[in-house]
K.L.:
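Starting off with a structure, shown below.
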Amino acid sequence: GAVVSQHPSWVICKSGTSVKIECRSLDFQATTMFWYRQFPKQSLMLMATSNEGSKATYEQGVEKDKFLINHASLTLSTLTVTSAHPEDSSFYICSACGPSQGAQPQHFGDGTRLSIL
Amino acid sequence: DAKTTQPTSMDCAEGRAANLPCNHSTISGNEYVYWYRQIHSQGPQYIIHGLKNNETNEMASLIITEDRKSSTLILPHATLRDTAVYYCIAKLFGNEKLTFGTGTRLTIIP
């Protein structure tokens with residue numbers, strides 16, 4: 001089945017640093033990738049949608065200058081949390097989807113647990 | 001996307017069939033029903049999806065009522081590893097965003 005790899009799986013860093021998370025589709029070309037955030041005991045919340053070669057579309061309330069998304073190839077999207085602070089600590093999850101035709105499902109990475117000290 | 005309603009939690013004995021209901025009374029004719037599950041501290045895992053016919057794969061079966069206002073996910077022989085939060089989502093196509101509700105927390109009991 002379709003495999004989405006996310007790296008790193010866990011990161012701890014100091015407040016004020018920037019953190020980059022990678023999301024790769026390993027066996028299919030992902031024309032669309034999504035980034036979600038999940039706080040403890042809550043459901044997943046969509047942060048942004050990225051299409052290869054174009055700017056990401058951010059959900060209301062998500063700061064695009066703080067959460068930089070790049071989708072430069074059909075197999076890789078990155079999320080950079082800039083100047084991270086403790087309130088940015090969360091579980092970040094990406095998903096990827098192939099070409100838009102049909103009802104093929106999105107496939108998710110295993111998430112990145114980000115802890116800001 | 002149509003709103004879905006699921007019970008907050010359910011228990012099921014190991015080895016028995018787990019039947020997880022989902023109501024989606026406002027679903028439109030071209031919206032699919034997708035099921036995902038999330039095991040603790042992992043990303044969601046795709047299970048199955050359908051439009052109006054019943055579907056079965058190696059993981060589960062999906063039964064959709066004739067009026068499409070509700071569906072049931074069936075795990076035929078639940079194991080302890082099936083303990084997870086199960087999400088039922090109605091949406092149009094694969095590359096459209098998924099809106100996660102609170103899901104059903106399924107606990108398989110030994």
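Here is the naming used below: chain letters follow the sequence lines, and residue numbers restart at 1 for every chain.
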K.L.:
Any salt bridge between B:Arg68 and B:Glu31, counting N to O under 4.0 Å?
P.N.:
no
K.L.:
Checking B:Gln38 against chain A: side chain, backbone, both or neither under 4.5 Å from a heavy atom?
P.N.:
side chain
K.L.:
Between B:Arg37 and B:Tyr86, is NZ or CZ placed under 6.0 angstrom from the six-membered ring centre and within 45° of the ring axis?
P.N.:
no
K.L.:
Please look at A:Gln6 and chain B and tell me whether the side chain, the backbone, both or neither of the residue comes under 4.5 angstrom of a heavy atom of that chain.
P.N.:
neither
K.L.:
Please classify the contact of B:Ser41 with chain A as side chain, backbone, both or neither, using a heavy-atom distance under 4.5 Å.
P.N.:
both
K.L.:
Centre-to-centre under 6.0 Å for A:Tyr36 and A:Phe108, is that the case here?
P.N.:
yes
K.L.:
Assess B:Lys91 against B:Tyr34: is NZ or CZ under 6.0 Å from the centre of the six-membered ring, and within 45 degrees of the ring's axis?
P.N.:
yes
K.L.:
Give, as side chain, backbone, both or neither, the part of A:Ile93 having an atom under 4.5 angstrom from any heavy atom of chain B.
P.N.:
side chain
K.L.:
Which is it for B:His24 and B:Val33 under the side chain to side chain contact (heavy atoms under 4.5 Å, CB included) test, yes or no, and what are the steps along the way?
P.N.:
CA-CA 9 Å; B:His24 31 79; B:Val33 178; 3.7 Å; yes
K.L.:
Name the member of B:Leu98, B:Val85, B:Thr102, B:Leu51 that forms the most heavy-atom pairs with chain A at distances under 4.5 Å.
P.N.:
B:Leu98
